[in-house]
Amino acid sequence: MHIGGTPMSRYAASEIEPKWQQAWEQASVFTATRSADKPKYYVLEMFPYPSGRIHIGHVRNYTMGDVIARYKLSTGHNVLHPMGFDAFGMPAENAAMASGGHPKTWTYDNIDTMVSQMKPLGFGLDWSRMFATCDPEYYGQQQALFIDFLEKGLVYRKNAVVNWDPVDMTVLANEQVIDGKGWRSGADVERRELTQWFFKISDYSDELLSALDGLDNWPAKVKLMQANWIGKSRGLQFGFDLVNGPAGTPQIEVYTTRPDTLMGASFIGISPDHPLARQLEADNPDVAAFCQMARKGGTTEEALEKAEKLGFDTGLRARHPFDAAWELPVYIANFILMDYGTGAIFGCPGHDQRDHDFARKYGLPIVDTFLPLEGEIDIQAAPFVPLKTEKVRYTRLLAGPEVQTGDQAVNAAIDHCEANGVGHGVTKFRLRDWGLSRQRYWGCPIPVVHCDSCGVVPEKKENLPVTLPDDVTFDVPGNPLDRHPTWRQCSCPSCGAPATRETDTMDTFVDSSWYFARFTAPRASTPTDMAEAEYWMNVDQYIGGIEHAILHLLYSRFFARAMQICGHLPAKSAEPFDALFTQGMVTHAIYKTTNAEGRPVYHYPEEVELREGRGFLQDGTEVDIIPSAKMSKSKNNVVDPVQIIAQYGADTARWFVLSDSPPERDVEWTAAGAEATHKHLGRVWALSDRIAQMAEGGEGAADADLLRAMHKTIQDVTNGIEAFGFNAAIARLYAFTNVLAKSKASKQAQRQAIMVLAQLMSPMTPHLAEEIWQMQGGDGLIAQASWPQADPAMLVDESVTLPIQINGKRRGEITVPTDMDKAEVEKLALASDAVQRALDGAQPKKIIVVPGRIVNVVI
RNA sequence: GCCCAAGUGGCGGAAUGGUAGACGCAGCGGAUUCAAAAUCCGCCGGUAGCAAUACCGUGCGAGUUCGAGUCUCGCCUUGGGCACCA
């Protein structure tokens, strides 16, 4: 092999890698083609946000997908493995605010950079299908989808709360609210209502829940998280009559999942946004003051749950439905959200921690409705909250037997209440409709027009895309679309009169809820092309972070259903992802010192010298090492793959990110690990070089051993890849490399072994694999060669070594023929030294023989 | 606060309920070398012991089992998510 006239005598990744990348491109190896002669396989990694530089976590994510893509290609599939960018979102606007650029320029520059960083990694991607969600060609089709959804009744408007910064006069994202204050202004954030657009995902609550059962190749934890998120519950909805309610409000409607605790009720709580609270607020300044205070803080469930529980006694009293003489106080409480249930609850302090805290704070009675079957408890000190499946003894029984489980009691209570005309049993879901309105510039414009005479009218499809104006500035807070001099002005699509455009843009989750479908026909003039979608859908293997377990995946499942109803996806794609794999993060130690003011200072890995587990700066200062932290720009612990590739090559980076940790777990990037990987790849190269120069020789006795090891390796590595056990597969490749390096087999056998090794390595280290293939005179490209098959006959061992346990502890071993029957094994085991010594003449109580695994003698 | 995970040598980790620590890193010893780098060979959980071996050991505490890293229950710690970060 000669490159540039210099004979190559060592592993030179920088020379090998561009060469093979070019060869793959020339042969269009990874261009996805539709054809009837082969089965298709669609592998997709969650597309990246164009933050500016790729990150070692991206390398890991895309390498996993690439392993699958290359493996499936070699097993005879038409593979679709596309890449794109999730390109709308806040960071682009933040960058524009910080440095005065334009979100569009920033985003497209970042995309260019990231593509140029990804290409040298040699991913088998079909780059011809690339798009960014901020391309008007993409978001225009998204607008068409929105209009279709609107026609099908899947989109509507209603009021919803947002984080409002009263100083900057702008809506804040949850991450822009820090400890209840605006991130820039520092002002106390308020919850304020705005009219916003919603997708009716709640129409699909039951279906999105029940269809989880069919997702056999999804992680159980993801399905469980989604099921809990959807949160189907059965409960009782009923009204408390108000004793002294204001005009027009005779009742408060509440929803409870624990109607069996109704006899332990001690107060009624309503949300500060409840119509009754609003009514009282209008003419009582004290109520108004409380409500205003209660609306402070962010909108997240976490903020609400962690906030101090506060209540305001309205002075209103409600009558208990089963005891006309029993009156309960009505409180406005800051922890009750208008979005959940009816925005009103009854509190039962005996059996709920939050209600207990509230009752103690406001001196409300705490009574039990049930007690444990055994033991004493002090209900005043702590609430009694057993699992609903546990049997308890009811002390204030509403319905059913005295001793029953919570679940039984709830059902009995619902039946009893219905029979007595107190409300009715209802099934509710925790899942709320998906608010998609964002009061921001860098997103997909919502394609509707507000007309004085026609109301809210969808834009005509022939006028799509409704594009974002380029002439905007970010020097003042708020939505630039709102203050743009002309952009809003348009004519009504219905009557032609002057009208104004909607200035809300879409949540970026909308962009990522259908990109997988768009990849099947990225240039189509409709959202999808049904022939292409029919062929390529569904995604056979989807790979991404566990952080997307709920929102992105749930929204995509909803979108697939909605698109199907509108004729943009085939019926089989209601569940678009056949298999899901959630990978872990790449972490890296943080090196920290403290400056004179006591502030932490973070140091880049290249500034730190490691000696015996301690780290030092060049001037000798010791640094604190915080191990395994999520990579974060602000902590200076981000490892740049570009540097790694420059130093060691793409194959080293690819192999290392897969080898060191199970894919679902976080991996710690270490410089030493990368160095070791590079050495190993060099050894494999040298091994191939040595074999190529070996003299031809006759078949030796060592050939059979080598080939037996080879077939076992084929089996283990194939299984490893199929099961996402990349680290275990790589461990087998290390082991086989060691066997081959020490083998005394003939050249013929060694050549066969190194070529199979190259094939097995090719999904992980495709460039090195091609190089070895070529050195050994393989036909064509290894990327297009068929995956090796393990010969079952070569996988069977003649004998097996069984450990012998005595009372569960290993005390010896015997080697027996693999097919020896249980009785024989038992006899041999009993005769063994270890057992004889332990028995000392006595009889064993029991002998367990697990064929091929173990013998346990119980004495 | 609620939901979901994870925790195994100095480090990353392996292990269909069946020999805990495969494989790799670091370390130690040796070969090679004038020397080093590179490479190769060997050792490598803890305690005791010359050794054979024994005891202990998979975050903590219980339990199920002939047998538990693996299953059950209760904790602790760390991570992910909590609907406007993506």
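Chain naming here is simple, since letters A, B, ... match the order of the sequence lines and numbering starts at 1 in each. Values below: every heavy atom of this structure, side chains too, minus hydrogens, waters and symmetry copies. Note that the structure is a prediction, hence the values are computed from the model and not measured.
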Q: Look at A:N228 and B:C2 and indicate whether a side-chain polar atom (N or O) is within less than 4.0 Å of OP1 or OP2.
A: no
Q) Should A:T300 be listed as having a side-chain N or O under 4.0 Å from OP1 or OP2 of B:C82? A)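 The answer is no; no side-chain N or O of A:T300 sits under 4.0 Å from OP1 or OP2.
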Q.
With no hydrogens and no angle check, just 3.5 Å: does a side-chain donor-acceptor pair link A:T170 and A:D165?
A. no
Could you tell me which residues satisfy side chain to side chain contact (heavy atoms under 4.5 Å, CB included) with [X], sequence neighbours excluded, listed by chain and number?
X	value
A:K846	A:I848, A:V858
A:P91	A:Y49, A:W106
A:H678	A:Y11, A:Y648, A:T652
A:L830	A:V835, A:L839, A:P844, A:I847

If you measure from the [atom1] atom in [N] to the same atom in [M], how many Å do you get, rounded?
N	M	atom1	answer
B:G29	B:A37	P	13 Å
B:G10	B:U64	P	31 Å
B:G42	B:G57	C1'	26 Å
B:C3	B:A68	C1'	28 Å
B:A52	B:C4	P	49 Å
B:A22	B:G45	P	8 Å
B:G9	B:G74	P	25 Å
B:C40	B:A5	C1'	44 Å

What is the nucleic acid contact for [X], judged by heavy atoms within less than 4.0 Å: base, sugar-phosphate only, or nothing?
X	value
A:E308	nothing
A:Q176	nothing
A:S659	nothing
A:H552	nothing
A:R811	sugar-phosphate
A:K306	base
A:V857	nothing
A:K809	sugar-phosphate
A:V162	base
A:K742	sugar-phosphate

Rounded to whole Å, how long is the line connecting atom [atom1] of [X] with atom [atom2] of [N]?
X	N	atom1	atom2	result
A:L551	B:C4	CG	C1'	14 Å
A:F656	B:G13	CZ	C1'	11 Å
A:D355	B:G1	CG	C1'	14 Å
A:D507	B:C85	CG	P	9 Å
A:E826	B:C66	CD	P	17 Å
A:E175	B:C85	CD	C1'	4 Å

State whether the distance check finds a donor on one side and an acceptor on the other, under 3.5 Å, for side chain [X] versus base [N].
X	N	answer
A:Q439	B:C84	yes
A:E302	B:C82	yes
A:Q196	B:C84	yes

The criterion is salt bridge (Lys or Arg N to Asp or Glu O under 4.0 Å); which residues satisfy it with [X], sequence neighbours excluded?
X	answer
A:E175	none
A:R438	A:D507
A:K306	A:E302
A:R184	none

Q: Map A:K221 and A:R430 onto RNA chain B by nearest heavy atom, then report which one ends up closer to the 5' terminus.
A: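 Going by which nucleotide is closer to the 5' end, it is A:K221.
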Q | Comparing A:K679 and A:Y555 on RNA chain B - which has the more 5′ nearest nucleotide | A | A:K679
Pairs: protein N or O with nucleotides 17-24 of chain B N or O, under 3.5 Å:
from  : atom 1 : to     : atom 2 : distance (Å)
B:G18 : N2     : A:N856 : ND2    : 3.4
B:U19 : O2     : A:R810 : NE     : 2.8
B:U19 : O2     : A:R810 : NH2    : 3.2
B:G24 : OP1    : A:N738 : ND2    : 3.1

**Q.** Per A:N174 side chain, nearest of listed nucleotides B:C82, B:C4, B:C84
**A.** B:C84
Q) In terms of side-chain heavy atoms of A:E301, which of B:A86, B:A83, B:A5 is nearest? A) B:A83
Q.
Determine whether A:D689 and A:R10 satisfy the following criterion, salt bridge (charged side-chain N to carboxylate O under 4.0 Å, His left out), listing intermediate values before the conclusion.
A. CA-CA 9 Å; A:D689 187 47; A:R10 58 183 178 85; over 6 Å; no
Q.
I'd like to know if A:K221 pairs up with A:E664 as an ion pair, taking the criterion as any Lys NZ or Arg NE/NH1/NH2 lying under 4.0 Å from an Asp or Glu carboxylate oxygen.
A. no
Q. In terms of base orientation, is B:G57 syn or anti, with the syn window spanning 90° either side of 0?
A. anti
Mind listing the side-chain donor-acceptor pairs of residues 799-810 of chain A below 3.5 Å, one per line with the distance, residues two or more places apart or on another chain?
from   : atom 1 : to     : atom 2 : distance (Å)
A:T801 : OG1    : A:T815 : OG1    : 3.1
A:N807 : OD1    : A:I859 : N      : 2.9
A:R810 : NH2    : A:E813 : OE1    : 2.7

Q: Report, as yes or no, whether the 6.0 Å neighbourhood of atom NZ on A:K388 holds more than 12 heavy atoms from other residues, nucleotides or ligands.
A: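 Yes, NZ of A:K388 has more than 12 neighbouring heavy atoms, counting only those of other groups under 6.0 Å.
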Q. Parallel, tilted or perpendicular: which fits the ring planes of A:H552 and A:Y515, with parallel below 30° and perpendicular above 60°?
A.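 Tilted: the ring planes of A:H552 and A:Y515 meet at 30° to 60°.
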Q. Does RNA chain B take part in any stems of at least 3 consecutive Watson-Crick or G-U pairs (both distances under 3.5 Å), and if so, which ones?
A.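 So far as stems of 3 or more pairs are concerned, RNA chain B shows B:1-7 with B:76-82, B:10-12 with B:23-25, B:27-31 with B:39-43, B:45-48 with B:53-56, B:59-63 with B:71-75.
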Q) Taking RNA chain B as the partner, which of residues 431-438 of chain A come within under 4.0 angstrom of it by heavy atom? A)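 Here the set is A:L431, A:R432, A:G435, A:S437, A:R438.
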Q: Quick one: closest heavy-atom pair of A:P383 and A:D352, and the distance?
A: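 The pair with the smallest heavy-atom distance is CB-N, 3.7 Å.
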